[in-house]
Each structure stands twice: as structure tokens, then as C-alpha cells.
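The first residue of the sequence shown is numbered 1, and numbering continues consecutively from there.
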Amino acid sequence: MIKNSRGEGKIQWIINRVFASTILLIVLLFIIPPVFGIADGDKVSFYEYLYGWPLRWLNVVSVTDKKSSFVGTFFTENEGVKIQWLNLLGSFLLIIVVVSIIFFFVKKFHRKERIKIKKTFYEHFFLFKLLY
């Protein structure tokens, strides 16, 4: 198995980032409100909602103009759904970069805390040994 400098498998490293990015990409559909646009038709006005942070990769067309949640618009009131694949790929790559930066800082902070705790443990242990 190929291992990086921290002893973690490179494949596992990639799988962790891809999994976290995929979950975050889906969760952001429910958290970030849509951008509202009007797509006018001949007989009926259609309203377009653009979901998916950061590059707005999911378009949902509806005949109602009320801004409801993603679940309400997507599953009950839509007239069409369009996925913009290049925007989806770009959003996914941006989220992977953000997740990798977060993982990097968390590991760095965790390593410093672990070293500090280990150091204070040994200091107290040796102090205890010297006193008794």
C-alpha cells in the first residue's frame, strides 16, 4: 500500500475527501437558498430556481412563484429539472479543495494538541516520580 508522510494510505486519503465533498455538495442543496430567475413561457409564466452552491448546477422550473424549500420545489412543484454537468463538476472540485484545506488545518491543530498533551503528561509523570 502506498502511504503518505503521516502513515495514512493515499487511496484512503482520496476516498475520505471525496466522501466528505459529496455529502457536503448534497447538504448544501438544502442549506443555501436558491437564486430566483424568471423563464417566461407563451401561455404560462415559468419560474426558474437555481440550486447548488457555488456554481448553481441544478435548475428547477416551476409554475409557482413562491420561494419554497428545495424539497418542496424539487419533488412537488416542478415542471422540469436540468443538471448543468460542468457546473456540477466545478462545484465538486471547489468543495474538494475547501474540504482538503479544512482537513489539513484540523490535522495540524490535532497534532499540536496531541504533542502538547503528551508533553504535559510526561512532565507531570516525572514530577510525580521525583516527589515520591
*For the atom pair CZ (Phe103) and CH2 (Trp13), what is the distance rounded to the nearest 0.5 Å?*
10.0 Å

*Using side chain to side chain contact (heavy atoms under 4.5 Å, CB included) as the criterion, list what pairs up with Ile26, not counting sequence neighbours.*
Thr22, Phe30

*Establish whether Trp85 and Val18 are linked, either directly or via other cluster members, by ILVMFWY side-chain heavy-atom contacts under 4.5 Å.*
yes

*asked:* For Phe19, I'd like to know if atom CZ has over 12 heavy atoms of other residues, nucleotides or ligands within 6.0 Å.
replied: no

_Interatomic spacing from OH in Tyr51 to CG in Leu58 - rounded to 0.5 Å_ = 8.5 Å

*Are Leu88 and Trp53 connected in a single hydrophobic cluster, I mean Ile/Leu/Val/Met/Phe/Trp/Tyr linked by side-chain heavy atoms less than 4.5 Å apart?*
yes

_Other members of the hydrophobic cluster containing Leu86, with the 4.5 Å side-chain heavy-atom rule, please._
none

*Listed by chain and number, what are the side chain to side chain contact (heavy atoms under 4.5 Å, CB included) partners of Asn59, not counting sequence neighbours?*
Glu48, Leu50, Lys82, Gln84

*asked:* Hydrophobic cluster membership, with links at side-chain heavy-atom distances under 4.5 Å among I/L/V/M/F/W/Y: are Ile23 and Val98 in one?
replied: no

*Is it true that Val60 and Ile83 fall in one hydrophobic cluster, defined by side-chain heavy atoms closer than 4.5 Å?*
yes

_If the condition is side chain to side chain contact (heavy atoms under 4.5 Å, CB included), which residues does Leu89 pass it with, not counting sequence neighbours?_
Leu93

_Holding to side chain to side chain contact (heavy atoms under 4.5 Å, CB included), I want the full list of residues that pass it with Leu24, two or more places apart in sequence or in another chain._
Leu28, Ile95, Val99

*Kindly compute the distance separating CZ (Phe104) from CZ (Arg17), expressed to the nearest 0.5 Å.*
10.5 Å

*Do Ile32 and Ile96 share a hydrophobic cluster, counting only Ile, Leu, Val, Met, Phe, Trp and Tyr and linking them when any side-chain heavy atoms are less than 4.5 Å apart?*
yes

*Between Tyr49 and Phe36, what is the ring plane arrangement, given parallel below 30°, perpendicular above 60°, and tilted in between?*
tilted

_Any side-chain to backbone donor/acceptor pair from Ser62 onto Tyr47? Under 3.5 Å, distance only._
no

_Distance-minimising heavy-atom pair for Pro54 and Leu94_ = CG-CD1, 3.6 Å

